[in-house]
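Keep in mind it's a predicted model, so treat the numbers as computed, not measured. No hydrogens, no waters, no symmetry mates; every other heavy atom, side chains included, goes into these values.
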Amino acid sequence: MTHLWVRAEQRENEERVGLTPAGAQALINAGFRVSVEESSVRAIGIDGYKDAGCEIVSENSWPNAPKDAIIFGLKELPEDGTPLEHRHIMFGHAYKGQPSGRVLLDRFKAGGGTLYDLEYLVDEIGRRVAAFGYWAGYAGAAVAMRCWIAQQQGSVAGPVDVFNSADALLVDLKAHLNVLEKETPSALIIGALGRVGTGAADLLEAIQVPVTKWDIDQTARGGPFPEVLTHEVFLNCILARPGTPVFVPQSAMTAQRKLSVIGDIACDPDSDFSPIKVYDRTTTWASPASRVHDAPPLDVTAIDNLPSMLPLESSEDYAGQLLPSLLELGALNAGVWARAEQTFQDNI
């Protein structure tokens with residue numbers, strides 16, 4: 001019997017989950033054993049999982065789970081250096097040259113465990129089977145606009161928080177814009193045709209921000225891209241990978257420009273392939289903007305768990321996309337799971 005163990009998230013500002021009670025019920029009906037950790041922060045309450053027939057276990061007890069259990073979470077594990085013996089499904093951020101990724105892979109090597117990285121669950125043509133992209137784009141565009149609004153008020157953006165719904169986020173953002181009584185800025189999205197870019201465009205269009213939408217056709221020439229500097233807001237919505245051109249070089253900080261806010265929604269600053277060269281670390285919920293140049297101001301926002309601002313909607317959307325693959329966990333030597341394991345072995 002395949003045993004899936006849904007762990008509680010231990011990262012700050014992380015309320016999402018990759019399995020809903022309805023999804024858990026579907027797995028149980030298919031013959032799975034499903035254990036769900038209690039959580040003090042999860043956006044979906046524990047009672048629904050209990051009613052679905054899940055085994056409810058203590059929060060953060062996954063290190064003591066049976067060795068044949070597959071541990072399922074979303075974001076990083078505690079960085080305590082312990083060897084990882086289990087099979088883990090999670091976002092590892094380990095295959096693009098990130099320093100923390102090497103440490104994570106060393107832990108798997110020491111413990112003999114396996115990482116099934118959610119970013120690398122792909123179908124036969126290399127397309128991801130599930131992604132939080134739309135809600136990352138939606139929330140990321142909202143944070144970028146909060147950065148722009150703060151600039152107009154002579155300051156740097158303050159903390160961001162969780163919203164109960166996308167509608168609530170939109171109402172809040174419109175209220176901040178109305179206080180300004182200024183014309184909205186122009187925005188450029190690269191990766192506009194993908195899930196992330198679509199979410200970003202939907203948010204901006206909902207608040208009547210003029211949007212220039214670029215995708216691979218517009219970036220195929222490989223740069224430079226002076227057009228980026230002619231918009232007040234630039235949103236990067238493509239994943240960094242080998243061959244990705246540079247969209248914002250370091251020289252942009254002192255160049256003549258309208259650009260004042262960069263939203264690196266893809267958020268891979270420590271990757272060798274990052275297309276944004278004016279910053280080198282993520283920003284946080286408490287300090288969402290990093291001012292990389294003062295006069296004229298240039299702020300970068302790069303929060304790496306943006307969908308957590310809308311934890312219920314993003315969890316339900318993602319879990320629905322992922323469930324068909326979870327139902328195939330009984331055949332780890334085939335399909336998306338075999339491809340993910342091969343990627344892990346290639347990198348280990």
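- The NE2 atom of His3 lies 3.0 Å from the OG atom of Ser35; values are rounded to the nearest 0.5 Å.
- Taking the charged nitrogens against the carboxylate oxygens, Glu15 and Arg42 have no contact shorter than 4.0 Å, which rules out a salt bridge.
- Salt bridge status for Glu205 with Lys213: present, with a side-chain N to carboxylate O gap under 4.0 Å.
- With hydrogens and angles left out, the side-chain atoms of Arg107 and Thr82 include a donor and acceptor closer than 3.5 Å.
- Under the 4.5 Å side-chain heavy-atom criterion for grouping Ile, Leu, Val, Met, Phe, Trp and Tyr, Phe72 is connected to Tyr49 within one hydrophobic cluster.
- A chain of hydrophobic side-chain contacts below 4.5 Å, direct or via other Ile, Leu, Val, Met, Phe, Trp or Tyr residues, connects Ile190 to Leu298.
- Among residues two or more places apart in sequence or in another chain, the side chain to side chain donor-acceptor pair (under 3.5 Å) test is passed with Ser61 by none.
- A salt bridge is absent between Lys258 and Glu232; no separation between the charged side-chain nitrogens and carboxylate oxygens falls under 4.0 Å.
- The side chain to side chain donor-acceptor pair (under 3.5 Å) test applied to Trp214 returns no partner, not counting sequence neighbours.
- Around atom CZ of Arg281, no more than 12 heavy atoms belonging to other residues, nucleotides or ligands sit under 6.0 Å away.
- No hydrogens or angles considered: a donor-acceptor pair under 3.5 Å links the side chains of Trp285 and Asn305.
- Here the straight-line distance linking atom CG of Asn164 with atom CD of Glu313 works out to 9.5 Å at 0.5 Å rounding.
- Salt bridge status for Glu119 with Lys96: present, with a side-chain N to carboxylate O gap under 4.0 Å.
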Please tabulate, one pair per line, all N/O donor-acceptor pairs under 3.5 Å involving side-chain atoms of residues 235-247, not counting sequence neighbours.
from	atom 1	to	atom 2	distance (Å)
Asn236	ND2	Asp264	OD1	2.8
Thr244	OG1	Arg241	N	3.0
Thr244	OG1	Arg241	O	2.8

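- Under the rule for a side-chain contact (heavy atoms from CB on, under 4.5 Å), the partners of Arg87 that lie at least two apart in sequence or sit in another chain are Asp68, Ile70, Thr114, Tyr116, Leu332.
- Ionic pairing of Arg221 and Glu227 is present here: one or more N-O contacts between side-chain nitrogen and carboxylate oxygen are shorter than 4.0 angstrom.
- Following chains of ILVMFWY side-chain contacts shorter than 4.5 Å, one can reach Leu204 starting from Met309, so the two form part of one hydrophobic cluster.
- In summary, of the residues considered (Val171, Leu173, Leu170, Leu310), a side-chain contact (heavy atoms from CB on, under 4.5 Å) with Phe163 occurs for Leu310 alone.
- A donor-acceptor pair shorter than 3.5 Å cannot be found between the side chains of Trp5 and Glu55.
- Of the listed residues (Leu115, Asp106, Leu77, Leu105), just one forms a side-chain contact (heavy atoms from CB on, under 4.5 Å) with Leu84, and that residue is Leu77.
- Residues passing the side chain to side chain donor-acceptor pair (under 3.5 Å) test with Gln321, sequence neighbours excluded: Arg195, Asp317.
- Within 6.0 Å of CD on Gln218 lie more than 12 heavy atoms contributed by other residues, nucleotides or ligands.
- By the neighbour-count criterion of 12 heavy atoms within 6.0 Å, atom CD1 of Ile216 is sparsely surrounded, having that number or fewer from other residues, nucleotides or ligands.
- Distance CD1/Ile46 to OG/Ser40: 11.0 Å, rounded to 0.5 Å.
- Ring-plane geometry between Trp62 and His88 is classed as perpendicular, the angle between the planes exceeding 60 degrees on a 0 to 90 degree scale with a lower cut at 30.
- Residue pairs satisfying the salt bridge (charged side-chain N to carboxylate O under 4.0 Å, His left out) criterion with at least one member in residues 334-348, sequence neighbours excluded, are absent.
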